[in-house]
Amino acid sequence: MADKKDALKQDLIAKGVKYALASYCDMHGVPKSKTVPIDHLDRMLSGSELCTGAALDGVPQDVSDEEVSPHPDPDSVIICPWRPEVAWFASDLYLEGKPFEPCSRNILKRVLARADSMGYRFNFGIEPEFFLLRDNERGGFDPIGPRDNLAKPAYDVRSTLDSLFLLEQIVDALNSVGYDVYSYDHEDGNGQFEIDFNYTDGLTMADRFVFFRLLLHEIAYQNGCFASFMPKPFSDRAGSGAHYNMSLADKKTGKNLFESSDDPRGCDLDALGYYFIGGVLKHLPALCAVISPTINSYKRLIKEGSMSGFTWAPVFACFGNNNRTNAVRVPLGGGRVELRAADISNNPYLGGALALAAGLEGIEQKLDPGAPHTENMYLKSDKQLAELGVSYLPRTLSDALDAFERDPLSREVFGELMFRTYLDFKRQEWEDYMNHVSDWEVNRYLKFY
Ligand code: GLU
Ligand code: MG
């Protein structure tokens with residue numbers, strides 16, 4: 001063990017690394033860390049760096065409590081491509097020598113261990129959408145491409161080429177640290193892009209998603225721009241999803257257990273995959289509180305509100321084939337389940353944990369979701385939806401929190417302390433929002449009556 005740590009240190013020094021970050025996440029999935037000169041890496045790897053959780057959102061500690069310590073996962077190390085003298089480690093929080101129950105990475109690890117005990121490996125791929133913008137002299141912000149002003153900007157080649165100076169640095173950086181980016185595109189909002197990289201195991205994907213946002217912030221900043229991971233920054237442009245692509249594989253052979261070439265429902269999905277969907281749909285209202293975790297998230301989960309027409313964001317708790325009007329779909333080729341309700345602001349450890357736990361429950365209880373919706377769900381009337389037994393997703397963060405609080409799975413997955421902490425924090429966020437009088441209200445009502 002000591003030899004392994006020393007070998008890692010020597011390797012990093014040989015690559016020019018001078019500092020290491022033992023990075024753990026607050027409740028929002030935002031990385032936090034102390035910085036350790038590389039000579040002290042061995043101490044850091046054994047949990048030497050103490051932090052006071054009370055200073056952070058959702059690390060439930062009192063100021064007087066014993067401090068938590070991040071224990072870096074040596075397998076997660078990434079040398080920051082934009083700052084090669086710094087090595088980043090994803091870390092688990094410990095308290096008094098034991099894993100700290102409310103740490104979001106520990107929460108995901110507990111559910112992964114359950115999947116493992118059932119014989120499964122959780123394969124996970126997240127598709128991040130985001131805006132790349134720069135501040136303008138008028139106090140607002142513009143897309144980074146000067147010609148990025150089309151009413152229908154999706155897949156636009158000219159704006160993509162105008163933005164390539166930054167996209168190319170980002171993609172090269174991601175690939176230099178093993179992300180295997182296979183595609184990127186201009187999305188449906190001016191200034192909005194998506195970068196897709198290969199799926200991997202659940203824990204690595206969650207680490208990668210957290211590091212992805214950090215990398216984008218940093219490289220955009222170096223270029224005088226900024227990346228925004230706000231789910232719906234503009235009312236007339238599409239919002240930013242972070243769709244979860246999920247499947248289970250046999251943990252021994254690696255064989256995808258959701259694939260089927262003989263699916264009578266036409267999605268190339270095995271019965272196990274349908275049960276997984278059944279579990280996700282059952283818990284979807286509660287899940288929304290975690291995978292669409294902000295006030296603003298619910299301004300994305302609407303049918304219309306993008307300049308090109310529909311938003312492609314989910315509105316109803318239903319599933320379908322390769323059909324984007326469902327909250328859960330089975331993309332072409334089958335073998336995986338795409339949960340489209342997740343947005344770019346989510347904490348992937350918490351969201352991944354609850355989504356996986358919901359899917360596993362669906363398998364245990366054989367929850368069959370029925371026939372896939374292949375039609376345009378956006379066009380259904382409320383009456384038709386009721387006849388189909390399809391309900392709306394929560395319309396606000398407050399509604400989602402009610403569902404989260406009611407659902408016993410939330411408490412079971414998060415553990416009592418984090419369950420309470422999450423609810424308290426988010427309920428306060430809702431209160432703060434409700435206490436604010438917005439420009440929209442003033443414009444509408446000030447001189448109206
Ligand atoms: N931007 C859409 C969303 O908010 C998704 C568009 C797409 O399907 O790529 O989920
Ligand atoms: Mg997209």
Side-chain angles (χ1 to χ4, degrees), residues 125-133 143 148 150-156 159-160 163 167 170-171 181-199 209 212-213 216 227-246 280 284 287-288 290-333 336-346 348 351 355 373-374 376-378 392-395 397 400:
I126 309 182
E127 301 173 290
E129 296 175 341
F130 51 87
F131 283 82
L132 293 176
L133 303 167
D148 196 344
L150 296 182
K152 291 196 175 196
Y155 314 123
D156 184 45
S159 309
T160 305
S163 311
L167 286 167
I170 291 169
V171 171
V181 171
Y182 58 83
S183 168
Y184 59 96
D185 72 310
H186 197 297
E187 283 288 313
D188 195 31
N190 305 119
Q192 191 187 30
F193 298 91
E194 172 172 332
I195 296 179
D196 292 324
F197 41 93
N198 216 349
Y199 72 89
F209 185 72
F212 175 90
R213 285 188 299 213
L216 261 66
S228 176
F229 304 115
M230 180 172 174
K232 178 88 173 179
F234 306 97
S235 23
D236 61 352
R237 300 183 207 170
S240 293
H243 307 162
Y244 281 9
N245 287 270
M246 303 179 283
V280 169
L284 193 48
L287 253 168
C288 282
V290 183
I291 59 178
S292 281
T294 69
I295 304 281
N296 180 253
S297 298
Y298 295 83
K299 303 196 171 169
R300 164 181 167 257
L301 298 177
I302 53 167
K303 280 186 251 188
E304 284 162 20
S306 117
M307 283 154 81
S308 68
F310 289 117
T311 60
W312 295 284
V315 182
F316 312 112
C318 53
F319 95 100
N321 61 343
N322 191 31
N323 169 356
R324 295 173 199 254
T325 63
N326 289 281
V328 178
R329 72 166 179 164
V330 184
L332 207 62
R336 69 188 149 113
V337 168
E338 180 184 337
L339 174 55
R340 299 175 60 79
D343 76 40
I344 191 66
S345 69
N346 84 87
H373 291 282
T374 55
N376 184 346
M377 297 304 287
Y378 289 156
Y392 276 82
L393 295 177
R395 308 294 286 271
L397 179 62

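Index from 1, following the sequence. Small disclaimer: the values here were computed from a predicted structure and weren't measured. All ligand and atom numbering here is 1-based and tracks the order in the structure.
For ligand 1, the atoms sitting less than 4.0 Å from at least one non-hydrogen atom of Arg340 are 5 (C), 7 (C), 8 (O), numbered in the order shown with element in parentheses. Residue contact check: Glu129 has heavy atoms under 4.0 Å from atoms 1 (N), 2 (C), 3 (C), 4 (O), 5 (C), 6 (C), 7 (C), 9 (O) of ligand 1.
No side-chain heavy atom of His373 sits less than 4.5 Å from a side-chain heavy atom of Phe316. Two residues are said to be in side-chain contact when any heavy atoms from C-beta on lie closer than 4.5 Å; Tyr244 and Ile126 meet this criterion. Residues Pro314 and Asn326 form no side-chain contact, since every pair of their non-hydrogen atoms from C-beta on lies 4.5 Å or further apart. Using a 4.5 Å cut-off on side-chain heavy atoms (C-beta onward), Phe229 and Ser240 make no contact. Residues Lys299 and Ser235 are not in side-chain contact: their nearest non-hydrogen atoms beyond the backbone lie 4.5 Å or more apart.
If you check which protein heavy atom lies closest to atom 4 (O) of ligand 1, you get Arg300 NE, 2.7 Å. The protein non-hydrogen atom at the shortest distance from atom 8 (O) of ligand 1 is Arg324 NH1, 2.5 Å.
Considering both main-chain and side-chain atoms, Gly239 comes within under 3.5 Å of ligand 1 through a nitrogen or oxygen pair. Any N or O atom pair closer than 3.5 Å counts here, and Ser240 shares no such pair with ligand 1. Looking at ligand 1, you won't find any N or O of Thr311 less than 3.5 Å from one of its N or O atoms.
A donor-acceptor contact closer than 3.5 angstrom links the side chains of Ser345 and Asp343.
Considering the Mg ion (ligand 2) as centre, the angle to OE1 of Glu187 and to OE2 of Glu129 is 70° (10° rounding).
Contacts between Glu127 and ligand 1, counted as non-hydrogen atom pairs separated by less than 4.0 Å, are absent for every part of the residue.
In this structure, Phe193 has its ring center under 6.0 Å from that of His186.
Asp188 lies apart from the Mg ion (ligand 2) in this respect, since none of its N, O or S atoms is found at a distance under 2.8 Å. Taking 2.8 Å as the criterion, Asp185 does not count as a coordinating residue of the Mg ion (ligand 2), since none of its N, O or S atoms falls below it.
Aromatic ring pairs are classed by plane angle as parallel below 30°, tilted from 30° to 60° and perpendicular above 60°; the pair Phe197 and Phe212 is tilted.
Between His243 and ligand 1 there is a heavy-atom distance shorter than 4.0 Å.
Among the heteroatoms counted here (N, O or S) of Glu194, OE1 is the one nearest to the Mg ion (ligand 2).
When atom types are taken as modelled, the side chain of Asn190 and the backbone of Leu150 share a donor-acceptor pair closer than 3.5 angstrom.
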